[in-house]
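One structure below.
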Amino acid sequence: MTDSSAPIARGPVVEPRWSDLRMATSGRLAHAWDTEDLRRIARRRLPRLIFDYVDGGGENEITLNRNVTAFDRIGFRPRTVAEIDGRTQSVSFFGRGSAAPFGIGPMGGLGFLWPDADIIAARLAAKAGIPHVLASGASNSIEQVAAAAPEARRWFQLYVFRDPGLNRRLLERAAAAGCEALVVTTDTQINAKRTRDFRNGFELPMRFTPRTVYDFARRPRWLWKVARRHSSSAMGNMMSEIGPNPTAAKAVEFFRTERSRSVGWEELKILRDLWKRPMLIKGIVTAEETAGAVALGADGVVVSNHGGRNLDGTVATIDALPEVVAAASGRLTVLLDSGVRKGSDVVKALALGARCCLIGRPVAFALAAAGEAGVEHVLAMIHDEIDRVQGLLGITRMDQLDPSFVRLDAHP
Ligand SMILES: Cc1cc2nc3c(=O)[nH]c(=O)nc-3n(C[C@H](O)[C@H](O)[C@H](O)COP(=O)(O)O)c2cc1C
């Protein structure tokens, strides 16, 4: 099917385009030194209920926080006497190079943060030479993103729908638009209890209550820049699926009611047979389901708990990674997301066997902070952090990393 078990390519497999990417030196981004700074800017610029929709997690947000703190428990074991000139971050998976070992993960609803957010994210991913995953529930459609960023390494994320015809059509659209991989998310079959959303009255389609109207009114800049734009509330991929006179509200309702409540290996097998390019299952945190993905003939898995947005109490993904890598035993390409906030997190995941990390909220906050400039800033920032960590660890290539570079539970 694909060369998903191929080793990380040595040397620069793609022409790194990082020289084109710059961290901002002026304006509101000039003092955003880490992703937490971007989160703070986003909080100041967004209505509370929109910020909380992005920032929040399931129930008590135990997993949300655990994802982040679990990285901090891992200690590095650097090699300080080493040749570190000529560092490259290039990695390779599914037969193509990526200029860095991270990509932009799928996120629905980014149009609430910035107009044409998905197009911006894909364009910047292309400029950086890294993958971009478009969500089923994205604000911009597969076709819009393909037209605006044809050169991007575009992947498509699918939530499985009850109607097999709809699943098939979405796969056909993704293939026709040149998406190179399919990411099927399996951890979101029913909506989690997101306490912040309940408190704030956040619902889709959006309901206008005195509270939400007050919340919006406190952010006139956001109202002017984002809310009045059609793309803010659109679900681009659904619009052409809902018959005549589509509206954003109808599209959201359709998305909500048509999602399949349960997904079994049989449904995944149907998708596997339909999709001839690389296919990944997103939401895997156990050896058992990794074995299932191997048996299915998947090409990869994304070790993910949806950024702690769903089943609260799920293990942190960095803690789950070793068992998934062991169960995959070279037969799957293993990616990881959830809680990745800095370059050193990416390097820790690679040392433990991930090929690449997907970034979620930091990109969303960067969009909310400054749109295109924000995304450029955060991608350049994480790239710069990885470069420094590489140098300080004493390595020049990502394929030099192995578990001997970290100590698990170094700091319980
Ligand atoms: C606002 C938002 C929307 C998301 N929408 C989707 C989605 O539509 N499909 C999906 O597979 N994952 C979705 N996710 C989960 C992300 O793909 C990813 O798993 C998660 O954000 C990673 O964790 P992090 O935010 O800590 O980086 C969403 C995450 C956020 C923050």
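Both counts, for ligands and for their atoms, begin at 1 and track the order of listing.
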query = Who pairs with K269 by salt bridge (charged side-chain N to carboxylate O under 4.0 Å, His left out), at least two apart in sequence or on another chain?
reply =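 Partners of K269 under the salt bridge (charged side-chain N to carboxylate O under 4.0 Å, His left out) test: D273.
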
task = Check the surroundings of atom CZ in R207: do more than 12 heavy atoms from other residues, nucleotides or ligands lie under 6.0 Å from it?
result =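 Open: at most 12 neighbouring heavy atoms sit under 6.0 Å from CZ of R207.
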
task = Check the surroundings of atom CZ in R87: do more than 12 heavy atoms from other residues, nucleotides or ligands lie under 6.0 Å from it?
result = yes

ask   = Among T185, T188, T317, whose side-chain hydrogen bond (donor to acceptor under 3.5 Å, both in side chains) with H306 holds?
value = T188

inquiry  = Quick check: do I130 and F102 have side-chain heavy atoms less than 4.5 Å from each other?
reply    =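 Heavy-atom side-chain distance check passes, below 4.5 Å.
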
task = Answer yes or no: is there a side-chain heavy-atom contact under 4.5 Å between N167 and E267?
result =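 Not touching, per the 4.5 Å side-chain cut-off.
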
task = For ligand 1, list the protein residues that place a heavy atom within a distance below 4.0 Å of one of its atoms, sorted by chain and number.
result = Y53, V54, P106, M107, G108, A135, Q157, Y159, T185, K282, S304, H306, G307, R309, D337, S338, G339, R341, G360, R361

